[in-house]
Each structure stands twice: as C-alpha cells, then as structure tokens.
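Just the heavy atoms: all of them, side chains too, but no hydrogens, waters or symmetry mates, feed the values below. A, B, ... follow the sequence lines: proteins, then strands. Residue 1 opens every chain.
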2 protein chains.
Amino acid sequence: MLEPAQFFKCLADETRLYATLLIHQQDELCVCELMEALDDSQPKISRHLAQLRSCGVLSDTRRGQWVFYSMAKTLPEWALEILRTTQDANLDRLKIFQEKLTAMKNRPQCC
Amino acid sequence: MLEPAQFFKCLADETRLYATLLIHQQDELCVCELMEALDDSQPKISRHLAQLRSCGVLSDTRRGQWVFYSMAKTLPEWALEILRTTQDANLDRLKIFQEKLTAMKNRPQCC
DNA sequence: GCTATATATATTGATATTCGAATATCCGCA
DNA sequence: TGCGGATATTCGAATATCAATATATATAGC
C-alpha cells in the first residue's frame with residue numbers, strides 16, 4: 001500500500017516529478033526520450049526511474065533495446081488525482097519538455 | 001513562488017504531512033495540540049512547523065503563551081487542492097488524530 | 001562471435017535530513 | 001523580579017540522498 005508521505009517523497013525531486021508527469025501525460029516513454037526531454041544524463045534518469053518503480057509509481061517493460069516506463073497499474077486514484085492537479089498547475093513548464101520531445105530525432109517507434 | 005517539488009518535499013515526512021493536514025482541517029492548532037494529536041516530542045513538532053513556515057506552507061501567530069499555526073494565505077490553489085485530495089484519501093488515519101485532540105485536557109482556548 | 005546502442009548498477013564523495021538532548025527565549029502571573 | 005509553562009533553537013551523531021564516473025548487462029545487426 002502506497003503511503004502518502006512516501007508518494008510525496010517520490011515527487012520531491014525535480015527529475016522524478018517531471019519524469020512522472022511526462023510519463024503520465026504521454027502514456028509511456030523510454031529512458032532516452034526522458035534524457036532528451038529533461039536534458040539529463042542517462043545514469044541520473046535511470047536511477048530516478050528505478051526509484052519510482054520500486055516505490056510502485058511506475059512500471060517498466062522492455063521492447064527490443066528500449067525500456068519503456070508507464071504509470072503503475074496499482075497506483076491509487078488519489079495519487080492520479082494529485083498528478084493531474086500538479087500537471088494542470090505546471091502546463092508552461094511541461095510544454096517546454098514536450099517540445100524537446102517532439103523535436104527529438106531518431107525517436108524510438110512504439111512497435 | 002512555491003515550486004511543486006519543494007511543496008512535495010514538505011509533505012514527504014509523516015510529521016509534516018499530518019501536521020499540515022490537521023491544521024488545514026482544524027483551521028489552526030498550537031504546538032501543544034499537535035504534540036498531543038501526533039504523540040511526538042515538542043522539539044520535533046516545533047522544528048517541522050518551522051520548516052513548513054519557512055517554505056510558505058504555514059504561518060504562525062502568537063496569542064499569549066501559545067503560538068497558533070494556520071495555512072499560509074499565499075498558498076496557491078493547486079496546493080490546497082492536493083491537500084484536500086490527500087485528506088479525503090486518509091480519513092481513517094486523520095480521525096485517530098482528531099480523537100486524540102478532542103480527548104485532550106487543558107486544551108488552550110481560542111481567545 | 002563482434003560491435004554499437006540502450007539501459008542498469010556499483011562506487012565514491014559531497015551534501016542534506018533527521019532525531020534526541022540540552023539550552024534559550026518568550027509570556028503571564030504572583 | 002522571579003517562576004513555570006509553552007515554544008524555539010542549537011549541536012552532534014546517525015543516516016539518507018544525490019551526482020558523477022566507471023562499469024556491467026542486454027539487445028540488435030552483422
């Protein structure tokens with residue numbers, strides 16, 4: 001069971017927060033897409049994603065050479081509601097990340 | 001301006017989270033009431049309240065020997081919405097804290 | 001098997017967080 | 001002015017977190 005304080009801890013870091021919001025918005029993203037959108041190093045992104053997965057916020061699935069992250073199916077409704085609220089309050093910042101995503105070359109195709 | 005990641009950091013600790021939710025629910029509470037409700041030491045409560053105040057989540061006002069904490073007027077609407085959502089998802093736990101509050105002897109009167 | 005790409009993990013050092021204990025401050029009242 | 005209750009702050013130790021670097025694993029294509 002996801003404790004609210006632990007969930008907030010997951011969102012208390014900018015990298016984890018915006019990775020989560022982007023994944024929530026885009027349904028699923030792989031590590032290299034998040035590297036591009038958030039302009040961060042691969043180990044940094046990967047480590048934070050692993051943390052989000054182990055807390056039950058995200059789940060991952062490998063397709064070919066890519067590992068795609070999406071929201072965990074077990075995430076309770078209140079947590080999703082908090083993500084929606086945070087998203088709505090930060091549309092400006094999210095738009096910048098989205099633009100970097102769409103401008104990305106060689107984006108892995110969802111197969 | 002309150003950054004969402006910083007707000008979540010404030011709520012990432014059980015003491016700070018439930019102190020905030022209780023204050024949000026009860027309008028205002030003093031340190032000794034929170035000590036009773038959360039069953040924690042005075043320095044611990046006081047330290048976390050100071051942190052919440054310096055982040056712009058709470059504000060304090062002294063009345064006589066007591067210092068009452070309430071939600072900061074500057075707290076943005078999205079933050080309040082997140083508190084409401086968290087509250088609704090944790091009514092059971094909150095009820096226990098409230099009962100300790102109402103059972104408290106020598107509770108300072110709001111003057 | 002070899003190589004390139006994508007991702008994960010381990011290690012290290014710096015920094016942050018948390019707590020309890022002790023102490024300080026502030027207020028009301030005698 | 002002095003005392004007691006309420007609250008705040010400081011200090012040190014234990015622990016957690018973080019970023020950067022290096023290394024390991026997995027997969028695809030040849």
> In terms of side-chain heavy atoms of Gln42(B), which of dT7(D), dA19(D), dA28(D) is nearest?
Replying inline: dT7(D)

>> Distance under 4.0 Å to a non-hydrogen atom of chain B counts as contact; along DNA chain C, which nucleotides mark the start and end?
In response: dT17(C) to dG28(C)

> Taking DNA chain C as the partner, which of residues 1-16 of chain B come within under 4.0 angstrom of it by heavy atom?
Replying inline: Lys9(B), Asp13(B), Arg16(B)

>> Please report the interatomic distance OH(Tyr69(A)) to CG(Leu29(A)), rounded to the nearest 0.5 Å.
In response: 12.0 Å

Do any side-chain atoms of residues 49-60 of chain A form donor-acceptor pairs under 3.5 angstrom with protein atoms, and if so which ones, sequence neighbours left out?
{"from": "Gln51(A)", "atom 1": "OE1", "to": "Arg16(A)", "atom 2": "NH1", "distance (Å)": "3.3"}
{"from": "Ser54(A)", "atom 1": "OG", "to": "Gln51(A)", "atom 2": "O", "distance (Å)": "3.1"}

>> Whole angstroms only, please: what is the CE-C1' distance between Met104(B) and dA6(D)?
In response: 11 Å

>> Between Leu83(B) and Leu83(A), is there shared hydrophobic-cluster membership here, with clusters defined by ILVMFWY side-chain heavy atoms closer than 4.5 Å?
In response: yes

> Is there a donor-acceptor pair under 3.5 Å between the side chain of Glu33(A) and the backbone N or O of Cys30(A)?
Replying inline: yes

> Roughly how far, to the nearest 0.5 Å, is CE of Met104(B) from SG of Cys32(B)?
Replying inline: 4.0 Å

> Can you list, by residue number, the residues of residues 49-62 of chain A that have a non-hydrogen atom closer than 4.0 angstrom to DNA chain C?
Replying inline: none

Please list every donor-acceptor pair under 3.5 Å in which a side-chain atom of residues 3-11 of chain A meets a protein atom from a residue at least two apart or in another chain.
{"from": "Glu3(A)", "atom 1": "OE1", "to": "Arg93(B)", "atom 2": "NH2", "distance (Å)": "2.8"}
{"from": "Glu3(A)", "atom 1": "OE2", "to": "Arg93(B)", "atom 2": "NH2", "distance (Å)": "3.3"}

>> Please report the distance, rounded to the nearest Å, between CE in Met35(A) and P in dA19(D).
In response: 14 Å

> Can you tell me how far P of dA28(D) sits from CD of Gln65(A), to the nearest Å?
Replying inline: 7 Å

>> Could you measure the distance from the CG atom of Leu22(B) to the CG atom of Leu34(B)? Nearest 0.5 Å is fine.
In response: 6.5 Å

> Any side-chain heavy atom of Tyr18(B) within less than 4.5 Å of one from Asn90(B)?
Replying inline: yes

> According to the side chain to side chain donor-acceptor pair (under 3.5 Å) rule, which pairs have a member within residues 34-43 of chain A, sequence neighbours left out?
Replying inline: Asp40(A)-Lys44(A)

>> Just the rounded figure in Å: distance from P of dT7(D) to NE2 of His48(B).
In response: 17 Å

> Trp66(B) CH2 to dA6(D) C1': how many Å, rounded?
Replying inline: 9 Å

>> To the nearest 0.5 Å, what is the distance between CD on Gln25(B) and CE on Met71(B)?
In response: 12.0 Å

> Whole Å only: how far is the CG atom of Asp40(A) from the P atom of dC18(D)?
Replying inline: 13 Å

